[in-house]
There are 2 protein chains.
Amino acid sequence: MKILDIGEVAAQSGVPPSTLRYYEEQGLIAPIGRKGLRRQYGPQTLLRLTLISMGKAAGFSLPEIAQMLGADGHPDLPRDELHARADDLGRQIRRLQLLQDTLRHVADCPASSHLDCPSFQKLMRQAERTAARVGKRASR
Amino acid sequence: MKILDIGEVAAQSGVPPSTLRYYEEQGLIAPIGRKGLRRQYGPQTLLRLTLISMGKAAGFSLPEIAQMLGADGHPDLPRDELHARADDLGRQIRRLQLLQDTLRHVADCPASSHLDCPSFQKLMRQAERTAARVGKRASR
DNA sequence: GCTTGACCTCAAGTTGACTTGAATTCGCAG
DNA sequence: CTGCGAATTCAAGTCAACTTGAGGTCAAGC
């Protein structure tokens, strides 16, 4: 059957009950009903929790995630806002790739000062270019 | 000339002076010296701040970033630790791409319930697969 | 030579995201 | 029924990452 109580949701998602209640307070998730006092969750909740965790990893705040997911399962945001978020995400992804490259570079490059190494310099030039746009979304 | 005082660093990096002082306390950056009481920064500081901001965006804590950057500009971590971090970053990047795809999907897909839409379902199956590994690094 | 504005220190406050604890209350196993 | 483990509420606590404020210093321009 498909009805889960809070402990099962916690076990399957890895998110503790206290956090699930907190998320409910914040409007991120909602039980499908109650049995007595006990919250009963549908299986879509697990999916939502996955999306919430991805959103957090992307640096969105809980209120932002709540908007993107919408109370009902459909976003609260207009299409172009969603695309704008996706665009932000694209920039974010590029920055992380750059960081990844940089990390691998410093792990492997034998040059004792990276400031001398041309491939490090190239990474840093790119980093500087992407740096300009940091925090744009957060500040709107 | 290449010596900056805290206000100039703040202006060029967008990081407020209070935060620069806080970062110094946390061992993330250091002035090249003082003129009287005033901190004097070299231009490498701007680069470090770029890397710090990328590290934060990737979800690393300030102490983790401090290790990766090292006090001297060279990482405090062994090569394989750095590669492990880069690998984590790769997983993180994949999750963000998935979120990006999902966002664009819900922005554009006309199906009134995404649960019905096969391409949404496909995204969610992938999401579930990546979900398992969440927070691995954080928990070590 | 004195004012002014940018800087300083240090302690305390704030915010977001949770967690913890105390005091109940269910609901199912025996 | 009875007991007990899993849930519940609500207030308070915690932690990381900063910010703010009070009170002081300093050097550069008028």
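Protein chains get the first letters and strands the later ones, always in sequence-line order, with residue 1 at the start of each.
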J.: Using a cut-off of less than 4.0 Å, is there contact between a side-chain N or O of A:Arg39 and OP1 or OP2 of D:dA7?
T.: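 The answer is no; no side-chain N or O of A:Arg39 sits under 4.0 Å from OP1 or OP2.
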J.: Looking at residues at least two apart in the chain, or sitting in another chain, which of them share a side-chain hydrogen bond (donor to acceptor under 3.5 Å, both in side chains) with A:Arg104?
T.: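 Counting only residues at least two positions away or on another chain, A:Arg104 forms a side-chain hydrogen bond (donor to acceptor under 3.5 Å, both in side chains) with B:His83, B:Asp87.
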J.: Just the rounded figure in Å: distance from P of C:dC8 to CD of B:Glu25.
T.: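 For the pair B:Glu25 CD and C:dC8 P, the rounded distance is 13 Å.
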J.: Report, one line per pair, each donor and acceptor closer than 3.5 Å where one atom sits in a side chain of residues 69-79 of chain B; sequence neighbours left out.
T.:
{"unit_1": "B:Asp72", "atom_1": "OD1", "unit_2": "B:His74", "atom_2": "N", "d": "3.2"}
{"unit_1": "B:His74", "atom_1": "NE2", "unit_2": "A:Ser112", "atom_2": "O", "d": "2.4"}
{"unit_1": "B:Arg79", "atom_1": "NE", "unit_2": "A:Ala107", "atom_2": "O", "d": "2.7"}

J.: Report, as a single string ordered 5' to 3', how protein heavy atoms within less than 4.0 Å touch nucleotides 17-30 of chain C: B base, S sugar-phosphate only, - not at all.
T.: BBBB-----BS---
J.: Only distances under 3.5 Å count here; give the side-chain donor-acceptor pairs of residues 27-39 of chain A to other protein atoms, sequence neighbours excluded, each with its distance to 0.1 Å.
T.:
{"unit_1": "A:Arg34", "atom_1": "NH1", "unit_2": "A:Leu37", "atom_2": "O", "d": "2.5"}
{"unit_1": "A:Arg39", "atom_1": "NE", "unit_2": "A:Glu24", "atom_2": "OE1", "d": "2.7"}

J.: Rounding to a whole Å, what distance do you find between A:Leu4:CG and D:dA6:P?
T.: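 From A:Leu4 CG to D:dA6 P: 17 Å.
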J.: Output the rounded distance in Å from CD (B:Glu64) to C1' (D:dC15).
T.: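 B:Glu64 atom CD is separated from D:dC15 atom C1' by 15 Å.
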J.: Quickly work out the A:Ile6 CD1 to D:dT8 C1' distance and round it to whole Å.
T.: 9 Å
J.: In whole angstroms, how far is the P atom of D:dG5 from the CG atom of A:Asp5?
T.: 16 Å
J.: Rounded to the nearest Å, what distance is computed from the CD atom of residue B:Gln40 to the P atom of nucleotide C:dA6?
T.: 16 Å
J.: Using whole Å, report how far CD of A:Glu24 lies from P of D:dA7.
T.: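 Rounded to whole Å, this separation is 14 Å.
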J.: For A:Ser18, check side-chain hydrogen bond (donor to acceptor under 3.5 Å, both in side chains) against everything at least two apart and list the hits.
T.: none
J.: Output every pair passing ring pair (Phe, Tyr, Trp, His ring centres under 6.0 Å) with a member in residues 2-38 of chain A, not counting sequence neighbours, ordered by first then second residue.
T.: none
J.: Is it possible for you to say whether A:Leu99 and B:Leu82 belong to one hydrophobic cluster, with membership spreading through side-chain heavy-atom contacts below 4.5 Å?
T.: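 Linked, A:Leu99 and B:Leu82 end up in one cluster.
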J.: Between B:Glu8 (CD) and C:dA6 (P), how many Å, whole number?
T.: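 One finds 12 Å between P of C:dA6 and CD of B:Glu8, rounded.
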J.: By the 4.0 Å heavy-atom rule, please label A:Arg21 as base, sugar-phosphate, or nothing.
T.: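 Contact class for A:Arg21: base.
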